[in-house]
Every structure is written in C-alpha cells, then in structure tokens.
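Position 1 is the first residue of the sequence, and the numbers go up from there.
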Amino acid sequence: MRKPRDYDADLKALADKARHLKTRKQSQLGELVMVTGADALGVEELAGALLHAAGTDAATREAWRNRGAAFFRGERQGAGRRAGREPGGTAAGDRGAEPAPGEAGAA
C-alpha cells in the first residue's frame with residue numbers, strides 16, 4: 001500500500017524554495033545595479049528611471065533589451081575607459097565581478 005503524501009511538508013518545501021528564489025533574485029538585482037554603475041544614482045533617480053522604463057513603448061524596450069544583451073556579451077558601448085584597460089577580450093562573466101567597484105568609485 002502507498003504511503004500517504006505529506007502535503008504540509010510539500011507546501012513548506014515549496015515555500016522555502018520560493019523564499020530562496022526571491023532572495024536570489026533580489027541579490028542579483030543588487031549586483032546588476034552595481035555592475036552597471038547605477039549605484040551612483042540616488043534612490044529617487046533610480047526609482048524614477050525604472051518607473052519611466054515601465055511605461056515606455058515596446059520598441060524602446062526592445063532597443064534597451066538589445067543593449068542589455070550586448071552588455072552581458074561584453075559588447076559595451078560607450079565604455080571607452082574599459083576598452084583601453086582590457087586588451088583582447090575577457091569573458092563577459094569574468095568582467096562583471098571585479099571591475100564594477102572600481103568603476104563606481106571613479107564615476
């Protein structure tokens with residue numbers, strides 16, 4: 001005979017997983033703000049920019065998505081300071097971790 005399923009334990013495990021995913025999402029959002037240099041903006045400025053972004057048309061958001069995808073691929077436009085410091089090309093994941101604090105301090 002089958003053992004009855006413990007729905008309470010399943011619900012608790014799902015709640016724990018959801019809490020973990022939410023925490024990870026918040027952490028990644030904070031890291032993204034730092035890597036892009038947006039941490040130099042004030043809280044009100046950043047909130048205003050995000051509110052503006054949420055209300056824009058689809059074509060503008062698509063252009064922003066393309067620019068963001070290029071950022072993660074390492075094709076950073078307007079980053080002339082970085083281009084001089086990194087000859088050749090390092091993987092996009094390697095760049096995102098360490099240079100960000102130096103950039104934020106220099107901005």
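- Looking at Ser27, its side chain never comes within 3.5 Å of a backbone N or O of Thr23 through a donor-acceptor pair.
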Would you tabulate the side-chain donor-acceptor contacts of residues 44-53 under 3.5 Å, counting partners in other chains and residues two or more places apart, or write 'none'?
residue: Glu45; atom: OE1; partner: Gly42; partner atom: N; Å: 2.7

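- Evaluation of the side-chain hydrogen bond (donor to acceptor under 3.5 Å, both in side chains) rule for Arg24 yields no partner, not counting sequence neighbours.
- The side-chain hydrogen bond (donor to acceptor under 3.5 Å, both in side chains) search around Thr56 returns none, not counting sequence neighbours.
- Side-chain contact between Val35 and Phe72 is absent, with no heavy atoms from C-beta onward closer than 4.5 Å.
- Looking at residues two or more places apart in sequence or on another chain, you find a side-chain hydrogen bond (donor to acceptor under 3.5 Å, both in side chains) between Glu62 and Arg65.
- Checked against side-chain hydrogen bond (donor to acceptor under 3.5 Å, both in side chains), Asp8 has no partners two or more places apart in sequence or in another chain.
- Under the 4.5 Å side-chain heavy-atom criterion for grouping Ile, Leu, Val, Met, Phe, Trp and Tyr, Leu41 is connected to Val33 within one hydrophobic cluster.
- With sequence neighbours excluded, no residue forms a salt bridge (charged side-chain N to carboxylate O under 4.0 Å, His left out) with Asp57.
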Quick one: do Arg5 and Tyr7 satisfy side chain to side chain contact (heavy atoms under 4.5 Å, CB included)? Show the steps, please. CA-CA 6 Å; Arg5 190 167 182 174; Tyr7 290 107; 3.9 Å; yes

